[in-house]
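This structure is a prediction, so every number in the text was calculated from the model and none was measured.
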Amino acid sequence: MKRSIGKALALLCGAALVLGGCSSQKVMEKIVTDSCDVYYEDSSGMLVPDTDYLDLPQFGAVPENSVFNVDWVTVEDEYSAGTAVLVQTDLSADPLLLTAYHIFEADAFELTPATLKDYLTGGYLMDVMSMEEDPPYIAAIEEVITIPDAEAVWDTQKPDKDLAAFRLDIPQGLTAYPLASEPCKPGDTIYLVASLWKTDSYYDDNTYPCLVAADNGTQLTYILSDEFGTTGASGGPLLNTKGELVGIHIASNGSIRVGHSAQSIYEQLKNAMK
């Protein structure tokens, strides 16, 4: 079954997650008008880019078996939540699977970063790009990598510790993305890859062009019209036009979206794996 992460959706009125207040919206709207030829007002009246007119990525189509929906198996139940992405770093010979820490919620189990390995007993990956109604499992979770400083976004009102990582049993035959070494710049086009649900608007290729508002190496703030609901996108990759991972999606506040930046992800993984 799909599990809706209620806290993550409810907290997103928190101004600390975005750039704070009306002046920040004006700054973002200026980025939109300076960077885009075609834009329109979202449901709140904020100017947002028309995704149909943003640049297509240089990397072309998203490769098969690189972004996944996962059936998570826990000591309490089995459910599907969020999106996961495979990355290759110099920290591990095999690629690592990343998603958002906040997608894991327990009813009775005392869940912490240290006990996630005991709570999560497995997981089965399905290619998010598959057009099959019931896609086959591609690989399985083999090991939970304990990230000691992982924190859910609703506990900190910040996305920069919201990370979970795993090793897979069959890393061969899959496609992993490199991490971008530098933060994005305002006005850059990036691409959210996720299978969105509970939304009337979606793209068949699950690839959504977005406009960067700010990226300080820990929090990546970007704009995607609120006509696209992002339920199910938590942990989904944010790619630059070269196909590098610049962050993962964490939260939304209307058309203002927030990600965990790649540079912060790398440092968190490095600290966990030292």
Side-chain angles (χ1 to χ4, degrees), residues 2-54 81-83 99-100 102-103 152-160 162 183-203 206-216 218-239 246-261:
K2 284 278 190 179
R3 176 181 290 186
S4 176
I5 308 301
K7 289 183 183 177
L9 299 178
L11 75 88
L12 299 180
C13 58
L17 271 176
V18 292
L19 299 182
C22 296
S23 61
S24 295
Q25 178 172 321
K26 291 179 180 178
V27 170
M28 289 190 227
E29 289 185 327
K30 188 174 188 311
I31 293 171
V32 170
T33 57
D34 286 350
S35 305
C36 303
D37 294 327
V38 183
Y39 44 86
Y40 61 94
E41 290 186 355
D42 70 3
S43 64
S44 72
M46 176 179 166
L47 293 179
V48 297
D50 188 326
T51 54
D52 289 339
Y53 291 89
L54 291 176
T83 302
T99 192
H102 75 250
I103 70 170
V153 65
W154 54 71
D155 291 330
T156 63
Q157 293 290 294
K158 296 179 181 180
D160 61 337
D162 201 332
C184 299
K185 297 178 181 178
D188 284 352
T189 299
I190 59 173
Y191 307 87
L192 169 65
V193 182
S195 177
L196 305 183
W197 52 290
K198 292 188 177 180
T199 181
D200 293 330
S201 298
Y202 61 91
Y203 288 160
N206 293 327
T207 305
Y208 298 85
C210 312
L211 197 69
V212 173
D215 184 2
N216 61 8
T218 58
Q219 174 173 313
L220 196 170
T221 304
Y222 65 102
I223 305 166
L224 173 66
S225 173
D226 62 3
E227 72 174 288
F228 299 103
T230 51
T231 303
S234 292
L238 299 166
L239 305 175
V246 296
I248 59 173
H249 175 79
I250 297 297
S252 296
N253 182 5
S255 297
I256 303 170
R257 321 296 184 148
V258 176
H260 184 176
S261 297

Would you call [X] and [Y] a side-chain contact if the rule is heavy atoms closer than 4.5 Å?
X      : Y      : value
Tyr208 : Thr230 : no
Asn253 : Val258 : no
Val212 : Lys185 : no
Tyr53  : Asp37  : no
Ile256 : Thr221 : yes
Cys36  : Leu54  : yes

To the nearest 0.5 Å, what is the distance between [atom1] ([X]) and [atom2] ([Y])?
X      : Y      : atom1 : atom2 : result
Leu47  : Lys30  : CG    : NZ    : 12.5 Å
Leu192 : Phe228 : CG    : CZ    : 10.5 Å
Leu238 : Ile248 : CG    : CD1   : 8.5 Å
Thr207 : Leu239 : OG1   : CG    : 8.0 Å
Cys184 : Leu220 : SG    : CG    : 5.0 Å
Ile223 : Ser35  : CD1   : OG    : 8.5 Å

Using a cut-off of 6.0 Å, state whether more than 12 heavy atoms not belonging to [X] lie near its atom [atom1].
X      : atom1 : result
Asp52  : CG    : yes
Tyr203 : OH    : yes
Asp34  : CG    : yes

For [X] and [Y], indicate whether the former's side chain and the latter's backbone hold a donor-acceptor pair under 3.5 Å.
X      : Y      : value
Ser261 : Gly247 : no
Asp160 : Thr218 : no
Asp162 : His102 : yes
Arg257 : Ser225 : yes
His249 : Gly235 : no

Taking all heavy atoms of [X] and all of [Y], pick out the closest pair and write down the distance.
X      : Y      : value
Thr83  : Pro237 : CG2-CD, 4.3 Å
Leu224 : Cys210 : CB-SG, 4.0 Å
Pro49  : Leu211 : CG-CB, 4.0 Å
Ala233 : Leu196 : CB-CD2, 3.8 Å
Pro159 : Ile250 : CB-CG1, 3.8 Å
Asn206 : Ser195 : OD1-CA, 3.8 Å

field: Partner set under side chain to side chain contact (heavy atoms under 4.5 Å, CB included) for Ser44, not counting sequence neighbours
entry: Asp42, Met46
- request: Could you please spell out the steps behind the side chain to side chain contact (heavy atoms under 4.5 Å, CB included) verdict for Val48 and Tyr40?
  value: CA-CA 6 Å; Val48 297; Tyr40 61 94; 3.9 Å; yes
